[in-house]
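To start, the structure under review is shown below, and the notes come after it.
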Amino acid sequence: MLEFFHRSYYDCFDESEASRLAGRPYGLAIAAGSDGSNAARQLERICRGWRLRAVTDTIVHRNGEPQTASAILRAKTCSEDARERCAELGGLV
């Protein structure tokens, strides 16, 4: 994710160096094993720096899986509740 922000940053400015993103809405949905709060905090910080406008609180879906190599590599599932929350977020953005 951070690589995307690094590669995209300078392309988000016009010739007068004004940001094309300032004030645009964004929403974050994070899938995490047990926490996800650090990922949320860092992404929110980047979005503030880009002067984006949050449309709602960040959604953090915790699957409760242990942080082992096999659990991390295993295919993940998403609850119906999390899917509905993400669909609502997509409608807001």
inquiry  = With heavy-atom distances below 4.5 Å as the criterion, would you say the side chains of L89 and I59 are in contact?
reply    = yes
Residues 53-93 vs ring-ring contact (aromatic ring centres under 6.0 Å, His included), sequence neighbours excluded, gives none
Quick note, ring-ring contact (aromatic ring centres under 6.0 Å, His included) partners involving residues 26-48, not counting sequence neighbours, are none
When rounded to the nearest 0.5 Å, the distance separating OG of S79 from CG of N63 is 10.0 Å
Can you give each donor-acceptor pair under 3.5 Å made by side-chain atoms of residues 49-58, sequence neighbours left out, with the distance rounded to 0.1 Å?
from : atom 1 : to  : atom 2 : distance (Å)
R53  : NE     : G23 : O      : 3.4
T58  : OG1    : E44 : OE2    : 2.5

In short, salt bridge (charged side-chain N to carboxylate O under 4.0 Å, His left out) pairs touching residues 59-84 with sequence neighbours left out are E65-R74, E80-R83
Applying salt bridge (Lys or Arg N to Asp or Glu O under 4.0 Å) to E88 and not counting sequence neighbours gives none
On a heavy-atom basis, the closest approach of A32 and V60 is CB-CG1, 4.3 Å
Residue pairs meeting side chain to side chain donor-acceptor pair (under 3.5 Å), one or both in residues 30-41, sequence neighbours left out, come to D35-S37, N38-R41
